[in-house]
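Everything below concerns the one structure shown next.
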Amino acid sequence: MFNTVVFPIDSSRESREAAEVVGNIVQKYGSNLYLLSVVEKPDPGQGTAAAPEAMTSPEVVTELLNGAKALFAQQGIEAKTLEREGKPAFVICDVADEIGANLIVMVSRGPGLTEEGIPNSVADRVINLSPCPVLIVP
């Protein structure tokens, strides 16, 4: 059913907590797991408030992905890591489409929220643009 699962991760506590849900799904369905993190370049016109500092550094994102991969390895899950650059919602949906994902599992809050709030969150945009089902972990 869920042959390929994409788990977009960021530096939020909620993202770390959602790893348990992802692990359960991957083990139950024998899914291929792709851990995705997006390096978001700050928009020059908006200053540094547009993207969290941690997710604008490729080095920090690489470290985050390696840590998540090790966490899943402890559960016997082999995860592939993907690091991309761009606007998170669009990149998440593009990657899901490229790899033929059957499910995206992501959190509903974290550093991806905009000043305008939930209606413009990364999760909301992914729900509206996704080529496959999206499971939102609160």
Side-chain angles (χ1 to χ4, degrees):
M1 175 171 226
F2 300 122
N3 298 327
T4 304
V5 175
V6 175
F7 180 36
I9 60 172
D10 58 28
S11 58
S12 70
R13 175 184 52 83
E14 291 85 3
S15 189
R16 288 188 298 277
E17 291 172 354
E20 182 178 346
V21 173
V22 173
N24 289 337
I25 290 170
V26 168
Q27 288 177 330
K28 179 174 182 166
Y29 293 102
S31 310
N32 294 312
L33 176 60
Y34 286 83
L35 303 173
L36 170 65
S37 199
V38 181
V39 177
E40 186 173 5
K41 296 292 182 190
D43 187 353
Q46 294 182 342
T48 58
E53 184 61 37
M55 299 311 289
T56 60
S57 165
E59 296 79 18
V60 171
V61 169
T62 299
E63 185 177 319
L64 177 69
L65 284 168
N66 289 337
K69 185 175 182 174
L71 176 76
F72 283 106
Q74 291 174 355
Q75 301 174 43
I77 299 171
E78 183 181 335
K80 297 165 189 74
T81 60
L82 299 169
E83 182 178 327
R84 299 284 172 90
E85 185 177 303
K87 296 290 184 188
F90 297 110
V91 172
I92 292 165
C93 292
D94 287 347
V95 166
D97 191 40
E98 286 171 22
I99 65 173
N102 305 105
L103 180 67
I104 298 170
V105 181
M106 61 187 298
V107 297
S108 61
R109 24 187 196 286
L113 292 180
T114 63
E115 291 175 5
E116 293 82 24
I118 299 293
N120 292 314
S121 71
V122 172
D124 185 64
R125 289 182 184 142
V126 170
I127 290 168
N128 289 305
L129 300 171
S130 178
C132 63
V134 179
L135 173 63
I136 301 296
V137 179

Got a sec, which residues hit side-chain contact (heavy atoms from CB on, under 4.5 Å) with [X], two or more places apart in sequence or on another chain?
| X | result |
| --- | --- |
| Pro8 | Val6, Ile92, Ile104, Met106 |
| Arg16 | Arg13 |
| Leu103 | Phe2, Val5, Ile25, Val105, Pro133, Leu135 |
| Gln75 | Gln27, Leu71, Phe72, Ile77 |

Legend entry - Within 6.0 Å of CD in Glu17, more than 12 heavy atoms from elsewhere: yes
Legend entry - Side chain to side chain, Val95 and Tyr34, heavy atoms closer than 4.5 Å: no
Inset, instruction - Could you check if a side-chain atom of Ser108 sits within less than 4.5 angstrom of a side-chain atom of Glu14, using non-hydrogen atoms only? - result: no
Main-chain N/O of [Y] paired with [X] side-chain donor or acceptor, under 3.5 Å:
| X | Y | answer |
| --- | --- | --- |
| Ser130 | Cys132 | yes |
| Asp97 | Pro131 | no |
| Ser15 | Ser11 | no |

Legend entry - Residues which pass salt bridge (Lys or Arg N to Asp or Glu O under 4.0 Å) with Glu83, listed by chain and number, not counting sequence neighbours: none
Inset, instruction - Answer yes if Val134 and Phe90 sit in the same cluster of Ile, Leu, Val, Met, Phe, Trp and Tyr residues linked by side chain heavy atoms under 4.5 Å apart, and no otherwise. - result: no
Inset, instruction - Determine whether Val91 and Ile136 fall in the same hydrophobic cluster, where Ile, Leu, Val, Met, Phe, Trp and Tyr are linked whenever their side-chain heavy atoms lie under 4.5 Å apart. - result: yes
Legend entry - Ser12 versus Val107, closest heavy-atom pair with distance: OG-CG2, 4.4 Å
Inset, instruction - Sorted by first residue and then second, give each salt bridge (charged side-chain N to carboxylate O under 4.0 Å, His left out) pair with at least one member in residues 61-78; sequence neighbours left out. - result: none
Quick one: [atom1] on [X] to [atom2] on [Y], what's the gap to the nearest 0.5 Å?
| X | Y | atom1 | atom2 | result |
| --- | --- | --- | --- | --- |
| Leu35 | Leu65 | CG | CG | 6.5 Å |
| Ile127 | Ser121 | CD1 | OG | 7.0 Å |
| Ile99 | Asp94 | CD1 | CG | 11.5 Å |
| Leu82 | Leu36 | CG | CG | 6.0 Å |

